[in-house]
Amino acid sequence: MKKILFILIAMTAMVTTHAQDRTFTPERLWAMGRVGASCASADGKKVVYNVSYYSVKQNNSKTIIKQCNVDGSSAMELGKGVAPKYINDGKEISFLTADKSGTMQLWKMDADGNNRKQISFCDKDVEDYLFSPDEKKVILIHQIAKESNKPADLKKASARVITDLMYRHWDEWVETMPHPFVAEYDGEKVGGETDILEGEPFECPMKPFGGAEQLAWSPDAKFIAYTCRKKTGVDYATSTDSDIYLYDVSKKTTIKNFCKPSLDWKAPAYDASLSLKNQPVNNLDGDFQVGYDINPKFSPDGKYVAWQSMKHDGYESDRNRLCVMDIKSGKKSYVAESFDSNVDDFCWAKDSKSLYFVGVWHGVTHVYNVKHSTCKVQQLTEGQYDYTSVQLCGNGLLVSRQSMCEPTDLYCVALNKKATVQQITNENKWFKDNIDFGSVEPRWSKTVDGKDMLSWIVLPPNFDRNKKYPALLFCEGGPQSPVSQFWSFRWNMMIMAANGYVVVAPNRRGLPGFGSAWNEEISTNYGGHCMDDLLSAIDDAMTLPYIDKDRLGCVGASFGGFSVYWLAGHHDKRFKAFIAHDGIYNLEQQYVETEEAWFTNWDLGGAPWHLNDNANAISKEQREAIERSFSNSPHRFVDKWDTPILCIHGSKDFRIVDSQAMAAFNAAKLRGIPAELFIAPDENHWVLKPQNGILWQRTYFKWLDKYLK
């Protein structure tokens with residue numbers, strides 16, 4: 001009895017302690033469940049989805065499959081696995097797991113989680129999959145080995161002999177490439193695989209992030225549309241020209257390129273010395289595309305195919321437009337042109353007459369509908385949120401939603417006049433109920449050239465407008481990613497607010513959601529108005545009575561890291577501390593170090609050595625662009641650095657190599673400026689491992705507190 005009483009007292013003490021401590025800590029951030037892939041049943045009554053959980057102690061994660069009714073009731077766990085999808089009229093759920101087989105394979109189970117059964121037995125991991133509408137076939141994604149040039153008698157040699165570009169991508173040495181295989185499925189077992197790209201040295205889906213969304217079955221299961229950039233080496237590294245191809249399943253051959261006049265047509269080789277004005281453009285009535293064309297989806301009636309499309313070759317952050325093609329006539333239309341921002345995800349309506357999509361406008365991402373016959377766009381949802389995905393769910397839509405104040409959950413949008421939104425999952429309810437979160441307010445201010453700019457002002461929990469708070473200028477990356485209502489498990493606004501900081505997060509020049517002209521102004525102008533905008537935003541925020549102008553910090557990652565390095569030499573003593581994560585310090589170094597050369601060709605205007613060419617080799621416009629870009633490299637202004645700086649980088653980051661952070665840190669130390677270097681040998685452009693993530697947060701706030709508190 002005494003033992004039971006002691007346990008009850010201890011439990012009460014624990015609950016009381018937690019009830020009193022409502023602070024949002026890095027440990028609690030990493031303890032939150034992360035809602036991932038989801039699928040609605042055909043009748044729209046049930047939803048199956050993934051949730052990932054991380055263990056800081058074990059430094060790993062596990063992903064669980066869950067299911068619930070569309071109203072959120074009857075939630076249940078169905079065991080480990082990823083990429084769950086309903087099959088067999090919703091009676092079964094397919095999924096991927098390596099739990100028992102040792103390799104990632106395709107499995108199925110009853111809709112209640114019973115009778116888990118392996119149905120693929122491939123030699124290689126199955127990375128993703130897509131069943132045909134009749135479920136008699138399935139596409140399996142495998143990595144296949146690239147041709148090796150190692151001598152047969154030296155197979156154990158670890159050295160690599162490199163003969164062309166794109167030998168590294170994102171965070172890997174490229175020794176394999178993904179290919180889609182069509183396999184037969186008899187309801188119990190998968191077999192008889194055929195490589196759609198047999199003998200072709202190309203990727204499908206495209207690295208580094210592509211999945212099964214880059215392929216689509218026709219409603220009659222006779223054809224497959226797939227995304228591919230049929231280039232290698234230098235051509236691959238300097239071009240974003242991917243296309244949508246049509247594969248005939250019975251003939252086992254690619255028969256059509258939806259984006260080009262014929263399969264025999266070849267794009268001209270990219271020449272970095274061309275004037276930017278000479279880049280090919282598209283007509284709205286359907287000429288061929290020369291930028292990214294990705295993620296095809298057939299209409300339910302099979303008459304149309306839609307995909308996301310970019311205009312310019314080499315411009316990875318070009319506006320993502322929604323292209324619809326009449327398959328019979330071949331006519332293409334860009335149906336959401338009145339929405340002057342990106343189409344980030346989309347799905348067809350049941351009647352094939354319209355499409356639903358999500359896109360960002362003025363710092364929030366919402367669900368829209370567009371009729372492809374009239375191109376009329378209608379906004380369906382509202383509020384200070386980001387809707388990040390959309391798919392059909394019976395007579396409604398299954399969407400994912402997040403904000404700076406709440407992590408991702410699933411919702412159902414009813415297709416009624418009010419577009420009623422109902423929450424389905426509430427994965428992190430305990431944290432919402434037991435932690436004090438800050439709040440987020442929009443603030444519009446003027447730029448140096450008189451334009452209107454939106455910033456998000458993030459306020460600490462239990463905020464007191466009569467007090468003075470230290471503030472952080474948040475510099476966005478991308479460089480063309482919106483400062484919308486995102487939730488991040490590293491650059492988390494609520495964690496910054498919980499540590500007593502007001503965060504100023506401006507939508508500076510070069511971000512989508514404010515029109516194409518605003519988004520494009522950053523190209524070849526890294527040191528231009530985009531930097532002015534950051535300073536304008538913090539100068540405006542300093543007029544707020546609750547911000548202490550003598551305790552300002554400046555932080556950012558990727559292009560945000562570049563911004564920090566650049567502002568360190570131009571801030572006129574505004575800031576007392578800087579933090580740059582995976583930032584570009586030396587643009588000339590970046591031009592030859594990054595793996596995706598199209599990025600630097602477009603954003604910087606070309607190679608620095610073009611300035612040494614004779615006057616007729618490049619246009620006057622391009623010469624000015626290159627001079628403007630490289631003259632604004634942050635390393636040129638180190639003589640003006642005067643403020644403590646923390647440099648963070650991952651050694652597996654091949655987009656921006658870790659030598660950039662080392663060079664910045666070394667320069668600061670050699671100049672006698674207080675500096676620290678945080679290097680993560682096993683991380684890429686992001687921090688993905690729990691203990692590294694916790695150490696990142698602790699180092700981040702220790703640095704800020706030292707100089708701002």
Side-chain angles (χ1 to χ4, degrees), residues 130 132-133 139 180 182 196-197 200 202 204-206 213-231 239-268 279-313 318-339 343 346-357 370-377:
L130 190 64
S132 61
I139 298 170
V182 179
I196 289 178
L197 295 178
E200 297 188 53
F202 310 121
C204 178
M206 297 187 300
E213 74 283 350
Q214 293 193 359
L215 301 100
W217 286 95
S218 62
D220 59 9
K222 294 180 178 180
F223 301 96
I224 296 169
Y226 67 90
T227 306
C228 190
R229 180 169 51 219
K230 298 203 172 184
K231 300 176 186 294
S239 174
T240 58
D241 183 18
S242 61
D243 294 316
I244 307 298
Y245 295 87
L246 188 66
Y247 179 83
D248 188 313
V249 177
S250 62
K251 294 180 180 178
K252 298 184 178 181
T253 185
T254 297
I255 61 172
K256 187 176 180 62
N257 180 344
F258 284 140
C259 306
K260 301 291 191 295
S262 72
L263 285 176
D264 297 327
W265 185 90
K266 292 184 178 179
Q279 292 292 329
V281 296
N282 306 317
N283 296 325
L284 293 181
D285 59 356
D287 271 352
F288 53 82
Q289 298 294 287
V290 291
Y292 277 125
D293 291 285
I294 59 172
N295 302 345
K297 295 180 183 179
F298 287 93
S299 60
D301 62 11
K303 295 180 179 179
Y304 304 93
V305 62
W307 65 86
Q308 291 160 282
S309 177
M310 291 187 183
K311 181 185 292 187
H312 298 100
D313 190 9
D318 201 358
R319 180 180 161 214
N320 236 337
R321 303 186 297 168
L322 183 57
C323 181
V324 174
M325 189 181 84
D326 184 309
I327 296 175
K328 185 176 181 179
S329 69
K331 181 181 178 181
K332 295 193 286 288
S333 302
Y334 302 96
V335 299
E337 291 303 285
S338 62
F339 182 74
V343 170
F346 73 96
C347 69
W348 280 94
K350 283 185 177 180
D351 61 8
S352 300
K353 293 180 180 179
S354 67
L355 302 97
Y356 301 98
F357 70 90
V370 58
K371 291 184 171 16
H372 61 82
S373 60
T374 64
C375 300
K376 182 179 179 181
V377 175

Note: D326 and S329 closest approach over all heavy atoms is OD1-N, 3.1 Å
In this structure, OH of Y245 is separated from CG of L197 (nearest 0.5 Å) by 9.5 Å
Check your understanding: Under the side-chain contact (heavy atoms from CB on, under 4.5 Å) criterion, do H372 and Y304 qualify, and how do the steps go?
Key -> CA-CA 10 Å; H372 61 82; Y304 304 93; 3.5 Å; yes
Quiz item: Can you list the steps and then say if K303 with K328 is a side-chain contact (heavy atoms from CB on, under 4.5 Å)?
Solution: CA-CA 7 Å; K303 295 180 179 179; K328 185 176 181 179; over 6 Å; no
d(K353 NZ, S373 OG) to nearest 0.5 Å is 8.5 Å
One should read off an interatomic distance between C323 SG and N295 CG, to the nearest 0.5 angstrom, of 13.0 Å
The reported gap from CD in Q308 to CG in N320 (rounded to nearest 0.5 angstrom) is 5.0 Å
task = Spell out, as yes or no, whether a donor-acceptor pair under 3.5 Å connects the side chain of S299 to the backbone of S352.
result = no
| query | Within a strict 4.5 Å, meaning less than it, do heavy atoms of the K222 and W217 side chains meet? | reply | no
Between the CG atom in L130 and the CD1 atom in I224, the distance rounded to the nearest 0.5 Å is 8.0 Å
All heavy atoms of T240 vs all of R229, minimum pair found to be CA-NH1, 3.7 Å
Taking every heavy atom of V249 against every heavy atom of A221, the minimum-distance pair comes out as CG2-O, 4.1 Å
Rounding to 0.5 Å, atoms CD1 (I139) and CG (L215) come to a distance of 5.0 Å
query = Going by atom types only, do D293 and S242 share a side-chain donor-acceptor pair under 3.5 Å?
reply = no
inquiry  = Apply side chain to side chain donor-acceptor pair (under 3.5 Å) to residues S239 and D241 and explain how you reach the verdict.
reply    = CA-CA 5 Å; S239 174; D241 183 18; 5.0 Å; no
Worksheet item: Hey, are the side chains of Y247 and I255 touching, using non-hydrogen atoms and a 4.5 Å cut-off?
Response: no
_Check the orientation of F298 and F258. Use parallel for under 30°, tilted for 30 to 60°, and perpendicular for over 60°._
perpendicular
ask   = Do K297's NZ or CZ and the ring of F346 fall within the cation-pi criteria of under 6.0 Å and 45°?
value = yes
Q. Within the distance-only criterion (no hydrogens, no angle test), does the side chain of D318 pair as donor or acceptor with the backbone N or O of H312 below 3.5 angstrom?
A. yes
>> I want to check something: taking the side chain as every heavy atom from C-beta on, are K331 and M325 in contact at a cut-off of under 4.5 Å?
In response: no
- Can the positive tip of K256 be found less than 6.0 Å from the middle of the six-membered ring of F223, inside 45° of the ring normal? no
task = Using a 4.5 Å cut-off on heavy atoms from C-beta on, say whether the side chain of I294 contacts that of W307.
result = no
With heavy-atom distances below 4.5 Å as the criterion, would you say the side chains of C228 and D243 are in contact? no
| message | side-chain contact (heavy atoms from CB on, under 4.5 Å) for Y292 and S309? Distances and angles first, verdict last. | response | CA-CA 6 Å; Y292 277 125; S309 177; over 6 Å; no
Point to revise | side-chain contact (heavy atoms from CB on, under 4.5 Å) assessment of F357 paired with F339 | key: CA-CA 11 Å; F357 70 90; F339 182 74; 3.8 Å; yes
Scanning both residues in full, the closest heavy-atom pair of P296 with V305 reads CB-CG2, 4.2 Å
**Asked** Taking C-beta and beyond as the side chain, do Y226 and I196 meet within less than 4.5 Å on heavy atoms?
**Response** yes
* **Side chain to side chain, V324 and L355, heavy atoms closer than 4.5 Å** => yes
When every non-hydrogen atom of Y334 is compared with those of E337, the smallest separation belongs to O-CG, 3.2 Å
For the residue pair R321 and M310, establish whether any side-chain heavy-atom pair is separated by less than 4.5 Å.
-> no
